[in-house]
Amino acid sequence: MTMTPTTLKVNGKDVRMTLDPRTTLLDALREHLHLTGTKKGCDHGQCGACTVIVEGRRINSCLTLALMHDGDEIATIEGLGSADKMHPMQQAFVTHDGYQCGYCTPGQICSAVAVLEEIEAGIPSHVTEDLNKVAYSDAEVRERMSGNICRCAAYPNIIAAIRDVAEGDKA
Amino acid sequence: MKAFTYERAASPAKAAEAAVANPGAKFIAGGTNLLDLMKLQIETPTHLIDVNRLGLDEIAATRDGGLRIGALVRNTDLAAHKAVRRDYGVLSRALLSGASGQLRNKATTAGNLLQRTRCPYFYDTTKPCNKRKPGTGCAALNGFNRNMAIMGTSADCIATHPSDMAVAMRLLDATVETITSDGTKRAIPMADFHRLPGNTPDIETALAPGEFITSVVLPKPLGGTHIYRKVRDRTSYAFAVLSVAAVFDKQGETRFAFGGLAHKPWRVEAADALGSRGAAAVAEAALAGAKTTEQNAFKIDLTQRTLAAVFAQKEA
């Protein structure tokens, strides 16, 4: 094993680390940078608690190595907003009570922000009837958020929060 | 995870060279399947060759009217590509029915083809598995085998190939293009790319050691109606119990490929020709020689019913 230097751009700041190649992006964020907003749920890409936005796209940070992202821009929940200055999606989750225990919430919010961008970019989903006509609907959000599990089953309120932000974007 | 050394490949040929030089090496692209398996120590590479910065992420028209898809094109981008949506709807649909948004953003075209089975005994390192550890036996044969293969199985393995994308690629007669360490290139038809288990279920593809996939080529569009219908235990983010990919072209020609039935995307030429005779005829030809267990015999009926639904969807 060779400790390997790498630089990540996390929430707008360059951070240099020297890592065991086995370090996942998730462990680099949590254990090395102490950005513990991103959660470790299943550690196998099944639950979505570790979702972060890398180079503008949501991914499971548990299923990728930090070294594979040298130079990449990474946005975590800490980068989206703060308690004093919440991102509209964070505010909407609070308003609509889109959680109970809150463990999956950072992943849900990162995913939700990216989902609205994906719809805006015209990326189709399994429930898109005409592949060339992509538009917001609750059904689209349910399908696209299926990689984020909430064991408290706050799903109706999560959908309401995302709908709120989507409607706000249109207004 | 077992320790490994890491390098970033400089070119496809160099990647292949590095893989030959390090017999314990694996290429890593999206990593969504490989890292999962490494955490469970089902895969234990001693060296990882990161191929993510090689380019190979473009989709370009070929001279004969088809598309060349770079090996590293992400599943999201392939499904959303304009020409794929327009001309190869079955491929878009297959991709979008697989995995989650996060995984599709990372998973690559070549990696999707190379993903391993989700057989629970392949994943359970306390159980025998000829695919994970050749010669140890198959725990699925007399185990929980509801979701196992019924076509092309062997006494050594009844695992299925989990990919949706590969089923569409097989239906479309795609070709896998590769390069080896000495720079030799070749094209492997999808029909020959994945293997049946036989007595070497650990060897899953036609790739030689170190051979590197550079692209997947689609022939010119078939036109007509494209359908991908997937049956699964939950409506999103689940592997297929069974899937049917179908094209009904404008000349009345049909073709069908199936996921969840075999160790590879399943397609039978004799069944393709029976589209005009309906679901039962197609199912009978496609499933000739089926070998079922008590738990997975339902896949026979399910295939016929899913085909019937596909025919109904075509008429709708």
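Note that these values count all heavy atoms, side chains included, but never hydrogens, waters or copies made by symmetry. The chains referred to below are lettered A, B, ... by the order of the sequence lines, with proteins before strands, and numbering in each begins at 1.
Contact annotation: the side chain of B:Arg232 never approaches that of B:Phe239 to less than 4.5 Å [non-hydrogen atoms, C-beta and beyond]. A:Val141 is not listed as a side-chain neighbour of A:Arg163, based on a closest heavy-atom distance of 4.5 Å or more. Residues B:Leu95 and B:Asp164 are not in side-chain contact: their nearest non-hydrogen atoms beyond the backbone lie 4.5 Å or more apart. A:Asp20 places a side-chain heavy atom less than 4.5 Å from the side chain of A:Met3. Under the 4.5 Å side-chain criterion, counting only non-hydrogen atoms from C-beta, A:Thr24 is not in contact with A:Leu63.
Heavy atoms closer than 4.5 Å to chain A are found nowhere in B:Leu34, neither backbone nor side chain. If you measure heavy-atom distances from B:Asp36 to chain A, the contacts under 4.5 Å come from both the backbone and the side chain. Of the two parts of B:Lys230, neither the backbone nor the side chain holds a non-hydrogen atom closer than 4.5 Å to a non-hydrogen atom of chain A. Contact of A:Thr64 with chain B is made through backbone and side chain together, with heavy-atom distances under 4.5 Å. If you measure heavy-atom distances from B:Ala29 to chain A, the contacts under 4.5 Å come from the backbone alone.
The pair A:Arg16-A:Asp70 fails the salt-bridge criterion, with no side-chain N (NZ, NE, NH1 or NH2) lying under 4.0 Å from an Asp/Glu carboxylate O. Residues A:Glu118 and A:Arg58 are paired through a salt bridge, judged by an N-O separation under 4.0 Å between the basic side chain and the carboxylate.
Close approach to chain B, defined as a heavy atom under 4.5 Å from one of its heavy atoms, is seen in no residue of residues 76-102 of chain A.
In terms of non-hydrogen atom pairs under 4.5 Å with chain A, the most contact-rich of B:Arg104, B:Met38, B:Lys2 is B:Lys2. Between chain A and the options B:Arg86, B:Arg74, B:Arg8, B:Lys82, the largest number of non-hydrogen pairs under 4.5 Å is found for B:Arg8. For the set A:Asn148, A:Val115, A:Val54, A:Asp43, the entry with the most heavy-atom pairs within less than 4.5 Å of chain B is A:Asp43. In terms of non-hydrogen atom pairs under 4.5 Å with chain A, the most contact-rich of B:Leu96, B:Thr235, B:Asp50 is B:Leu96. The candidate with the highest count of non-hydrogen atom pairs below 4.5 Å against chain A, out of B:Arg85, B:Lys106, B:Arg234, is B:Arg85. Of the listed residues (B:Gly31, B:Ser236, B:Ser97), the greatest number of heavy-atom pairs within a distance under 4.5 Å of chain A belongs to B:Ser236.
Between the side chain of B:Gln115 and the backbone N or O of B:Asn112, at least one donor-acceptor pair lies under 3.5 Å.
In plain terms, the two heavy atoms of B:Ala240 and B:Asn147 that are nearest each other are O-ND2, 3.7 Å.
Between the CD1 atom in B:Ile227 and the CZ atom in B:Phe311 there is a gap of 9.0 Å [rounded to 0.5 Å].
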Report task. Go through the steps for B:Leu78 and B:Leu91 under the test side-chain contact (heavy atoms from CB on, under 4.5 Å), then give the verdict. Result -> CA-CA 8 Å; B:Leu78 182 54; B:Leu91 178 57; 4.2 Å; yes
